[in-house]
Amino acid sequence: MIRLRNSLTRGVEEFEPLDPDNVRMYVCGPTVYDRAHLGNARPVVVFDVLFRLLRHVYGAEHVTYVRNFTDVDDKINAEALRRQKAGAKGSLEELIRARTEETIAWYHADMDALGALRPTHEPRATEYIGQMIAMIAGLIAGGHAYEAEGHVLFRVRSYRDYGALSGRSVDDMISGARVEVAPFKEDPLDFVLWKPSDAELPGWDSPWGRGRPGWHIECSAMSRELLGESFDIHGGGIDLQFPHHENEIAQSHCAHPEAAFARYWLHNEMVMVDGKKMSKSLGNFFTVRDLLDKNIDGEVIRLVLLMTHYRRPMDWTEAKVQQATAIISHWGTLRRRLEKISIKPQIDPSFVDDEFLAAIADDLNLPQALTRLGRLKMDAELSGSDQATIDSFFSSLAFLGFENLAPSRAAISAAVEAAIGGVERIGVLVERLKSLRAAKSWAEADSLRDSLVGAGLKLQMGKGGEIDWEYSPDLDLKKLKALE
RNA sequence: GGCGGGUUGGCGGAGAGGUUACGCAGCGGAUUGCAAAUCCGUGUAGACCGGUUCGAUUCCGGUACCCGCCUCCA
């Protein structure tokens, strides 16, 4: 049984899909104008875990997960225009396309590094303009939208339940409104479905002239197209609850009055840095790529994100990075130890621990699941060589997306290649240490050992004289090279 | 101003009205040529003030402080 906290009802509810043969989830994706920052990564990882859980429970073939790319946006336009003015070749449309293509490729690379599975569909807004226009036309026909000065606006007063998701009333919001009210709006809260584009902006022909869609309509149109008028789960950051999700609900309900639209609304809390929400507008953000480039492994970032329950704000700190690195390193050490005695963990969904799954199914209680994981690890350690116990631990780890278990190794190897010509060079140094120790040349051996450790290698000496090693996050390639 | 969330041991971070959360770090031990790694052992904290209760960190009320949304934002 999966239980989820539904923002719509403010309570934890048992999850029952409309159709167990096709469980459907939509999550708001990024606006692709720049590298994804860590805040963008949190919903990706959180809903990745939910996706994995749904696949586990209903079968991988029976879950459809849609996450969009918003590739029509004034920030993208501005960047394309900036490039054109800086001398870039091509039409504005081409420059926009180039920018969004580039950003999507970055996004995929960065989210892949975090161990997130690709969604079933990743629609781009610009490929669903026709559906948006059709939906807007329907809203006008139904009296829920109106045209004014080349814009089409949604008539908020036409949807009785407007404000239900975020718990506000239209009247309250208007009284405390800080929005700049366009003169052609009937009501200050009416929002744009379609806006006109001048020659410097990308645009599509529509019944209301050449223009482009407002922000909210794309999610309504794409979810309708790919998941149907009613579907199961809609997710996103809590900062989208109002107005974005509220507006989506209003549009979709008015366009398809008989349908339920999204039934369970899930919102993740924000990523904080120095006690403040990480956001582009505050400028206190760093990108996932920044972290990866600092040799912080994707699995470490993933674990840090999962150590805090998704409905709590998560503070990004150096201490957490170290803690997560230590944990993953311990997992990897156990696996290597087992492999040395010829025990290879078998990874299979059916081996995943039930209690561990139950914690995840309880509104994605990952801290609880990680606690259970600690217990499974201890069992695996104490079991001696009991294959089932070992398989259970490692299958559970793999379920959560932890399979490499070598913090820093993947991220660092390219740098090692460049600096000293490959990992084999480290192997040579370790071999030298091994022979010195075998010859009981303790003074030389200890000196080399200390140098290797000082250069940022973690060494583990085995009983039979073998030496296992891994990178520590503070690897110093210059020092390592000097040892050769 | 309106609405919502939070405050747990050195740090991170959960559940549960009454029994050890757990992890990281630390400390002690085993092991080791010395170390590292690993293993074993070790921690009674719950912002403040009231209330309910046989009993509250857990429920209720209030106070303080912090954070988010109300404007593009994951």
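Order of the sequence lines fixes the chain letters, A, B, ..., with proteins taken first and strands second; residue numbering starts at 1 for each chain.
Between the base of B/G15 and the side chain of A/Q368 there is no donor-acceptor pair shorter than 3.5 Å. Residue side chain A/R449 does not reach the base of B/A36 through any donor-acceptor N/O pair under 3.5 Å, judged by distance alone.
Nucleotide B/A47 forms a Watson-Crick or G-U wobble pair with B/U63, both donor-acceptor distances falling under 3.5 Å. Nucleotide B/G26 has B/U42 as its partner under the Watson-Crick or G-U criteria, with both atom distances under 3.5 Å. In this structure, B/G55 forms no base pair with any nucleotide, since neither Watson-Crick nor G-U wobble geometry is met with both distances under 3.5 Å. Applying the Watson-Crick and G-U wobble criteria (two distances, each under 3.5 Å), B/G68 pairs with B/C3. Within the shown strands, nothing qualifies as a pairing partner of B/G33 under the Watson-Crick or G-U definition with both distances less than 3.5 Å.
Between the side chains of A/N68 and A/E218, at least one donor-acceptor pair of N or O atoms lies under 3.5 Å.
Among the heavy atoms of the strands lying under 4.0 Å from A/S279 is at least one base atom, whether or not backbone atoms are also near. Contacts of A/K276 with the nucleic acid, taken as non-hydrogen atoms under 4.0 Å apart, involve only primed sugar atoms and P, OP1 or OP2. Counting any heavy atom pair closer than 4.0 Å across all strands shown, A/D446 reaches a base atom. Nucleic acid contact class of A/M307 (heavy atoms, under 4.0 Å, all strands): sugar-phosphate only. Residue contacts for A/E381: at a heavy-atom cut-off of 4.0 Å it reaches the sugar-phosphate backbone alone, with no base atom in range. Residue A/G39 is in base contact, counting any heavy-atom pair closer than 4.0 Å across all strands shown. Using a 4.0 Å heavy-atom cutoff across all strands shown, A/V271 reaches at least one base atom of the nucleic acid. Residue A/H309 is in sugar-phosphate contact alone, with no base atom involved, counting any heavy-atom pair closer than 4.0 Å across all strands shown. Using a 4.0 Å heavy-atom criterion, one finds that A/K280 contacts no nucleic acid atom at all. Contacts of A/L459 with the nucleic acid, taken as non-hydrogen atoms under 4.0 Å apart, include base atoms. At a threshold of 4.0 angstrom between heavy atoms, the contacts of A/G462 with the nucleic acid are absent. Using a 4.0 Å heavy-atom distance criterion, A/P313 is classed as making no nucleic acid contact.
Here the side chain of A/T308 is nearest to one of B/G2, B/G13, B/G33, namely B/G13. Among B/G12, B/A37, B/G68, the nucleotide with an atom closest to any side-chain atom of A/K277 is B/G68. Taking only side-chain atoms of A/I238, from C-beta outward, the nucleotide of B/C39, B/C70, B/G68 with the closest atom is B/G68. Nearest nucleotide to the A/D239 side chain, out of B/A74, B/G23, B/U38: B/A74. Considering only the side chain of A/R437, B/C34 comes nearest among B/A14, B/C34, B/A74. Listed nucleotides: B/A74, B/G15, B/C70. Nearest to the side chain of A/M278: B/A74. Closest to the side chain of A/H330, from the set B/C67, B/C24, B/G13, is B/C24. Of the listed nucleotides (B/G23, B/G68, B/A36), B/G23 has the atom at the smallest distance from the side chain of A/Q323. Here the nucleotide nearest the side chain of A/A319, chosen from B/C11, B/G15, B/A74, is B/C11. Of the listed nucleotides (B/A21, B/A74, B/C39), B/A21 has the atom at the smallest distance from the side chain of A/T371.
Dense packing is recorded around CZ of A/R157, with more than 12 heavy atoms of other residues, nucleotides or ligands lying under 6.0 Å away.
Within the cation-pi definition used here (under 6.0 Å to the ring centroid, within 45° of the axis), A/K377 does not qualify as a partner of A/F393. With a 6.0 Å cutoff to the six-membered ring centre and a 45° limit on the axis angle, A/R168 counts as a cation-pi contact of A/F242.
Taking the six-membered ring for Trp and the full ring otherwise, the centers of A/F261 and A/F231 sit less than 6.0 Å from each other. Between A/F47 and A/Y65, a ring centre-to-centre spacing not shorter than 6.0 Å is recorded.
The minimum heavy-atom distance between A/L292 and A/D297, with the atom names listed, is CD2-C, 4.3 Å.
Note on A/K320: a side-chain N or O is less than 4.0 Å away from OP1 or OP2 of B/G13.
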